[in-house]
Protein chains: 2
Amino acid sequence: MHQSALSLKLSTFVSLSETDLATLARFLIRRRNFTVGYELTHEGQVNASAFVLAEGWAFSYKTTPDGDRQIVDFQVPGDFLGLRSILFRTSDHNVEALTRIEATEVLASDLFDAFADAPRLATAVLWAASRDEAMVVEHLVNLGRRTAEERTAHLLLELGARLKLVGLADDAGFDCPLTQYHLADALGLSAVHVNRVLRHLREQKLMTFQKGRVVFDDFARLTDLAGFDTSYLDQDGPLLR
Amino acid sequence: MHQSALSLKLSTFVSLSETDLATLARFLIRRRNFTVGYELTHEGQVNASAFVLAEGWAFSYKTTPDGDRQIVDFQVPGDFLGLRSILFRTSDHNVEALTRIEATEVLASDLFDAFADAPRLATAVLWAASRDEAMVVEHLVNLGRRTAEERTAHLLLELGARLKLVGLADDAGFDCPLTQYHLADALGLSAVHVNRVLRHLREQKLMTFQKGRVVFDDFARLTDLAGFDTSYLDQDGPLLR
DNA sequence: CGCAATATTGAAAACGATCAAGGGTCGTGG
DNA sequence: CCACGACCCTTGATCGTTTTCAATATTGCG
């Protein structure tokens, strides 16, 4: 089912009625494909639309005036793309397809209209936005207070946990289309250093990232090293019933 | 007027009707005072309430398993405190009073109920949450891709800009209750280094932070150094009319 | 007035960046 | 089918920024 990814996700937080789901389904029609590198939204763009990612990976980032790139988050199937940008007249960040992707467009006006018909939808979307923010906050902790090795482990563990929720990872690991440059720009490190860190993690038999595949060799020890605590990702069932 | 700070803020994004404002006013009754160091919400707390800050400064932070603290953001009058924590069953971060503060409590249930009566309120709150996220994202860029000096300048410029919106700063500078330890924990630096950075900024005649007062000696040059672009804070009037 | 918190400075050490070079892989076009 | 270029990965050497450790002011508050 096309809209299942989003409705499934929102339902974990707020119990949605048949009417709510119908309202939701009404504006999830425009399904589109994008090639690698396509910019779904870019800084300064006005009236950008948001998307729900159905297939593939994307990432959101900002650039500094001197041209450095900071990746804010990676998005995997089921995630919103550019939710924040539809609330601002002009977008403050970029969203780019990391692989070929398939995504469903969501128009701002549709979304706001839907809030009037289905107020629980509003709560659900607010929750989704808050969960995104919780992830950004954890990335901030990552950059501010963890060493290069801890950071790298933490990011890959987070991605593993998120992918597991949508059936794209298991305890062993996951397929990962990121380059070391992507990791570097997400972790606030140089690509050279990321390479060294990955080698060191491999040598310690903690984890391996090679040829597009992340393998967790010692999940427990890795989790401990990274100080990884999933509580910022966890939901224990609908808050609103 | 008590609820003016919040309603003023929300109104800049979404035009709210008399009814909307009345709905808003209904749950902004419990005004409370807190002393320095009071923890308004803490990690793991269940059913935390949110607040709207009326007077004084607060800050939100997370801690790592090894006890390091990362300050996520500072809050000044007019800001939400712990908005994200009411959406999660258990809070994922801490909020602490940095000075004596005065704040109005907002109960989760009140807020969700209000969405049914006043859907535009939902959009407005979603916008407020998104603006908070935009600030966190900019802090992430700060830690990931700027030097210690740029970072420090950027944070203090941001605080100046935000305080200006509520009349607590002007082009010259602002009163600032932060210690160098607060700055260090927000910037991902050691307090010792923050001290050296502040000295260097002073020696370059860019800005001064001493005795609880931030003075911008050369706003233009400082802005340029920090790569400070206010667009992530700006609003050009209501999006929904 | 006295203590605790905050600010300041120096010296040494660590971490990560930068510079530089080489190797692998994949897709495209000749 | 091979050659080439683009992109990505890898490693070594050196440099610079920031941390850590340590000691000493200074400030503010009860």
Side-chain angles (χ1 to χ4, degrees), chain A residues 35-37 57 59 64 66-71 96-100 142-156 175-203 207-214 225, chain B residues 35-37 57 59 64 66-71 96-100 142-153 155-156 175-204 207-214 225:
Chain A
T35 56
V36 177
W57 289 44
F59 64 102
T64 59
D66 21 303
D68 285 332
R69 178 173 76 166
Q70 176 62 46
I71 293 182
E96 182 177 326
L98 197 144
T99 64
R100 286 183 95 269
N142 226 10
L143 296 209
R145 290 292 175 225
R146 281 194 257 262
T147 65
E149 196 163 274
E150 293 165 355
R151 257 183 246 190
T152 307
H154 194 281
L155 175 60
L156 294 172
D175 291 330
C176 181
L178 303 178
T179 67
Q180 294 182 357
Y181 291 91
H182 287 126
L183 284 180
D185 283 350
L187 296 170
L189 298 170
S190 68
V192 172
H193 199 60
V194 167
N195 183 282
R196 289 191 232 271
V197 166
L198 289 175
R199 170 166 47 136
H200 193 231
L201 288 170
R202 208 182 315 129
E203 286 167 355
M207 58 156 294
T208 312
F209 176 18
Q210 272 171 334
K211 298 174 190 289
R213 174 97 194 151
V214 169
L225 166 76
Chain B
T35 55
V36 177
W57 288 46
F59 65 103
T64 59
D66 21 302
D68 285 332
R69 178 174 76 168
Q70 176 62 48
I71 293 182
E96 182 178 325
L98 198 144
T99 65
R100 285 184 97 269
N142 226 9
L143 296 209
R145 290 294 175 224
R146 282 194 256 261
T147 66
E149 195 163 276
E150 293 164 357
R151 257 183 246 188
T152 307
L155 175 60
L156 294 171
D175 291 330
C176 181
L178 303 178
T179 67
Q180 294 181 357
Y181 292 90
H182 288 126
L183 284 180
D185 284 348
L187 296 170
L189 298 170
S190 68
V192 171
H193 199 58
V194 166
N195 184 282
R196 289 189 233 273
V197 165
L198 289 175
R199 173 169 45 141
H200 193 231
L201 288 170
R202 207 182 316 131
E203 286 167 356
Q204 289 173 286
M207 58 156 293
T208 312
F209 177 18
Q210 272 170 334
K211 298 173 192 289
R213 175 98 196 151
V214 169
L225 166 76

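As the structure is a computational prediction, the values presented were derived from the model and not from experiment.
Judged by closest nucleotide on DNA chain D, A:Y181 is the one of A:R199 and A:Y181 placed further toward the 5' end. The residue among B:L189 and A:L198 whose nearest nucleotide of DNA chain D lies closer to the 5′ end is A:L198.
Distance, B:R196 CZ to C:dA11 P: 11 Å, rounded to whole Å. Rounded to a whole Å, the CZ atom of A:R151 is 13 Å from the P atom of C:dC15. The CD atom of B:Q180 sits 12 Å away from the C1' atom of C:dA5 (whole-angstrom rounding).
Contacts of B:G188 with the nucleic acid, taken as non-hydrogen atoms under 4.0 Å apart, involve only primed sugar atoms and P, OP1 or OP2. Looking at heavy-atom distances under 4.0 Å, A:S190 makes contact with a base.
On the nucleic acid side, DNA chain D has its first and last nucleotide under 4.0 Å of a heavy atom of chain A at D:dC8 to D:dA13, going 5' to 3'.
Across B:G144 and A:L143, no two heavy atoms sit closer than the pair CA-CD1, 3.4 Å. Between B:R145 and A:T64, the shortest heavy-atom contact is CB-CG2, 4.1 Å. Listed here is the closest heavy atom pair of A:Q210 and A:T208: OE1-CG2, 3.6 Å. Of all heavy-atom pairs spanning A:L178 and A:F209, the tightest one is O-CZ, 3.3 Å.
Applying the side-chain hydrogen bond (donor to acceptor under 3.5 Å, both in side chains) test between A:E149 and each of A:H193, A:R196, A:H154, A:H200 identifies A:H200 as the sole match.
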Full working for side-chain contact (heavy atoms from CB on, under 4.5 Å) between A:D185 and A:Q70:
CA-CA 5 Å; A:D185 283 350; A:Q70 176 62 46; over 6 Å; no
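In the set C:dG16, C:dT9, C:dT18, C:dT9 carries the atom at the smallest distance from any side-chain atom of B:N195. Side-chain atoms of B:Q210 lie closest to C:dT8 of the nucleotides C:dT8, C:dT25, C:dG16.
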